[in-house]
Protein chains: 2
Amino acid sequence: MPNQMTEMLKGTLEGIVLAILSERSAYGYEITAELREAGFADIAEGTIYALLVRLEQKGLVDVERVPSEKGPPRKVYSLNASGRDQLAEFWSTWSFVATRIEQLRHTDQQHTEGA
Amino acid sequence: MPNQMTEMLKGTLEGIVLAILSERSAYGYEITAELREAGFADIAEGTIYALLVRLEQKGLVDVERVPSEKGPPRKVYSLNASGRDQLAEFWSTWSFVATRIEQLRHTDQQHTEGA
DNA sequence: TACCGATACTCGGTAGTGCTAAGTACCAAG
DNA sequence: CTTGGTACTTAGCACTACCGAGTATCGGTA
């Protein structure tokens with residue numbers, strides 16, 4: 001049984017990456033490092049690459065190969081119009097779910113006060 | 001490709017149900033109805049039953065069969081100590097993820113202002 | 001030259017969870 | 001006795017994250 005985090009990231013990680021890409025274009029290795037710095041230390045490297053491939057297949061991002069000074073060429077991803085739509089949809093779904101969960105937490109807090 | 005909601009519920013639905021059960025004991029059909037009223041209209045009935053079975057197998061809930069006036073006996077679930085621990089862990093994981101996502105949203109909003 | 005470490009991406013197989021769809025069972029009302 | 005609401009079960013599928021191993025490029029070092 002993997003940890004909660006793993007399961008909770010299902011469905012949110014894609015949105016997280018889309019949000020990162022909406023700020024600026026980036027490549028896989030970079031995104032992975034950024035996530036680690038942001039506190040998501042346990043996200044496997046392979047996971048991000050696989051996710052990026054999926055984003056590309058779904059046509060949400062554009063890709064450009066850029067040579068790197070140290071290592072193989074980078075695949076730089078940038079959000080396109082479709083991706084922006086998808087991101088907007090993600091925020092909408094997120095708001096919906098987050099709002100309802102927060103409501104549950106507040107009624108729940110009355111039972112777990114002090115825990 | 002199912003909708004965002006489906007994927008986002010993975011990992012959060014268990015917590016949602018645990019939170020509901022922490023307020024009071026309940027049975028599957030009841031929980032399903034409650035979720036529908038709460039706006040989660042698309043949650044499949046079978047999903048909740050399967051989830052409850054998992055909770056039982058993980059030892060997070062206690063079960064009691066209670067005869068119903070109209071239909072087969074109900075399986076009433078109540079949160080036990082283990083379940084309460086798990087719920088606390090869920091809130092902790094949720095806070096972690098939600099906080100980081102909200103941060104992303106705020107930096108993101110600058111790009112999607114007006115969308 | 002030969003090796004090592006960091007960079008950068010790929011791929012096959014596994015596990016967990018929600019959905020679909022169909023079925024079982026019980027009871028009351030028409 | 002058929003219909004509809006209540007209540008639960010089950011088999012098989014889809015999606016996504018993880019694990020582990022592999023490939024490739026380059027700079028530095030002995």
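This one's a predicted model, so the numbers in the text were calculated from it and none came from an experiment. To find a chain, count down the sequence lines: A is the first, B the second, and so on, and within it residues start at 1. Keep in mind that the numbers below use all heavy atoms, side chains included, and drop hydrogens, waters and symmetry copies.
- Contact annotation: B:R74 does not reach the phosphate of D:dT6 (side-chain N/O to OP1 or OP2, under 4.0 Å).
- A:E7 places its CD atom 9 Å from the C1' atom of D:dT16, with the value rounded to the nearest Å.
- Between A:L9 and A:K70, the residue whose closest nucleotide on DNA chain D is further toward the 5' end is A:L9.
- Among the heavy atoms of the strands lying under 4.0 Å from B:A44 is at least one base atom, whether or not backbone atoms are also near.
- Whole-Å rounding puts the A:E45 CD to D:dA17 P distance at 16 Å.
- When the P atom of D:dA14 is taken as reference, atom CD of A:Q57 falls 16 Å away, rounded to whole Å.
- Taking every heavy atom of both residues into account, A:I31 and A:A26 meet most closely at CG1-CB, 3.8 Å.
- Between the A:E102 side chain and the A:T99 main chain, no donor and acceptor come within less than 3.5 Å of each other.
- Rounded to whole Å, atom C1' of C:dC9 lies 15 Å from atom CG of A:L51.
- Geometrically, B:R36 does not engage B:F40 in a cation-pi contact defined by less than 6.0 Å to the ring centre and at most 45° from the axis.
- For the pair A:K75 and B:E14, nearest-nucleotide mapping onto DNA chain C gives the more 5' position to A:K75.
- Remark: side-chain polar atoms of B:D62 are not paired, donor with acceptor, to backbone N or O of B:Y77 under 3.5 angstrom.
- Ranking C:dC19, D:dC18, C:dA8 by closeness to the A:Y29 side chain, first place goes to C:dA8.
- Residue A:Y49 has no polar side-chain atom (N or O) positioned under 4.0 Å from OP1 or OP2 of C:dT10.
- No donor-acceptor pair under 3.5 Å is formed between the side chain of A:S25 and the backbone N or O of A:L21.
- DNA chain D is contacted by both B:A50 and A:A50; B:A50 maps to the nucleotide lying nearer its 5′ end (nearest heavy atom per residue).
- Atom CG of B:N3 is separated from atom P of D:dA14 by 16 Å (rounded to the nearest Å).
- Counting non-hydrogen atoms under 4.0 angstrom, A:E30 reaches nothing in the nucleic acid.
- Spacing between atom CE of A:M8 and atom P of C:dG16 amounts to 17 Å, rounded to whole angstrom units.
- Residue-level contact check: B:L13 touches the backbone only, with heavy atoms under 4.0 Å from sugar-phosphate atoms and none from bases.
- Between the CD1 atom of B:I48 and the P atom of C:dA21 there is a distance of 18 Å, rounded to whole Å.
- Within the nucleic acid shown, A:S68 comes within 4.0 Å of sugar-phosphate atoms alone, with no base atom in reach, counting heavy atoms only.
- Remark: the B:K10 side chain and the D:dC15 base include a donor-acceptor N/O pair separated by less than 3.5 Å.
- Hydrophobic clustering (ILVMFWY, side-chain heavy atoms < 4.5 Å, transitive): B:L52 and B:I20 are in one cluster.
- Dashed line: the shortest gap from a side-chain N or O of B:R65 to OP1 or OP2 of D:dA7 is not under 4.0 Å.
- One can place CD1 of A:I31 at 16 Å from P of C:dT7, the figure rounded to the nearest angstrom.
- Checking the phosphate oxygens (OP1, OP2) of D:dC18, a side-chain nitrogen or oxygen of A:T47 falls inside 4.0 Å.
- Contact annotation: A:K58 side-chain N/O to D:dT16 OP1/OP2 distance is under 4.0 Å.
- Put simply, A:R54 has a side-chain N or O that comes within less than 4.0 Å of OP1 or OP2 on D:dT16.
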